[in-house]
S.K.: 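Can you read through this structure? Questions will come right after.
Note that these values count all heavy atoms, side chains included, but never hydrogens, waters or copies made by symmetry. Residue numbers run from 1 in the order of the sequence given. In each ligand, atom 1 is the first atom listed, and ligand 1 is the first ligand listed.
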Amino acid sequence: MEIKSVRINAGKGYDVSIGENLLGSCGDVIGKTINPCRAAIITDSNVERLFLSTVADSLENEGFSVSTFSFPAGEQSKSIGTLSNILEFLGESRLTRTDCVLALGGGVTGDLAGFAAGTYLRGIRYVQIPTTFLAAVDSSVGGKTGINLMTGKNLAGVFVQPEAVICDVSCVKQLPDEVFADGAAEAIKTGILSGEDLFSLFETGDVKPSLAEIIKMCVTFKGSIVEADEFEAGLRKTLNLGHTVGHAIEKCSNYAISHGHAVAAGMAVIARAADRLGFSSTPVAPRIEKTLIRNSLPIYTDFSAENLTAAALSDKKRSGEEITLVIPDSIGRCYLKKIPVSTLHSVINAGLEVSSWTS
Ligand code: GLY
């Protein structure tokens, strides 16, 4: 079995292991970093049905003592209520500082379980086991954890790096098309940031046979950004490309629109705005739009500029009377642009206009 490994030098440093059928041997992989102890698996109702027993058996075979907490699948669970239930569960399971939490699932699970691990007993170890494309290429790496508040997405959380990330590519291959597309959106985002090698795979290539390599490319690029700016003082903010409008779309839809689909539309909006307002040095929107469409992702939203602006202004990316936007300049080059909050509406409005090539 070939395992690709990417080292991330943040926190204490950890390996991201990427390969086929890794869930069945995850106890062995985790055992290389963490001695047998109590292991609390946090998962959701979908992943519990599909993969929990494989992971639990593998851990028990290596001498871990396993307990499990499952919550209803969906973004609505990324709440203070679920976090509170997980923390109580860790207490009831008598986890100590020498034990660990395992996040088995997608981005919601990783964010919740990581937040719980980062705060329970003021921090215990955790391992990310992403089962979705989105979690594999983005949320499982880099130590961002959190929950949504009524006022906005990811407004409470901690930065806490995992001990290891185990990414089973076979799980990603089984995803329904809609869920796979969510991950494609974050991988395309990484391609816009990192350059042609990755972007062109989504623009013209055949993605599924290259999944392990694509995940490795995304993780390697994200790792380089996180290593340079773990706590998002500057450079890491570029990973938020498409997220100001994307988070606003999620919030306006009451989270009925998934993160990846919202970010896709958010990237198209900011790319069109960049072209129309002269923020990009060459036209970027048509290539981005065509690549999103090719990967079954949206490039427009039905929400108005007024509603999106109001939602975006409660986003973390606001700082006083300014908000930082990530502007795509060309494939492989994005930059940060601070604008007064009073001009956000006109930027979003410019990005909502239909592109001439699609009309
Ligand atoms: N998902 C963006 C980041 O981890 O910074």
S.K.: Measure from the side-chain N and O atoms of K251 to the backbone N and O of T151, and report whether any donor-acceptor pair falls under 3.5 Å.
M.R.: yes
S.K.: Both conditions, 6.0 Å and 45 degrees, for the charged tip of K337 above the ring of F279: are they met here?
M.R.: yes
S.K.: Whether the side chain of D182 engages the backbone of H261 through a donor-acceptor N/O pair (distance < 3.5 Å, no angle test) should be reported.
M.R.: yes
S.K.: Evaluate the ring planes of H259 and H247, with Trp represented by its six-membered ring, and classify them as parallel (under 30°), tilted (30 to 60°) or perpendicular (over 60°).
M.R.: tilted
S.K.: Please output the residues near ligand 1 using a strict heavy-atom distance under 4.0 Å, listed in chain and residue-number order.
M.R.: D138, K144, K222, E232, R236, L239
S.K.: So is K144 actually on top of F231's ring, under 6.0 Å and inside 45° of the axis?
M.R.: no
S.K.: Take E203 and R287 through the side chain to side chain contact (heavy atoms under 4.5 Å, CB included) test and state the conclusion after the steps.
M.R.: CA-CA 8 Å; E203 187 177 37; R287 278 185 79 188; 2.7 Å; yes
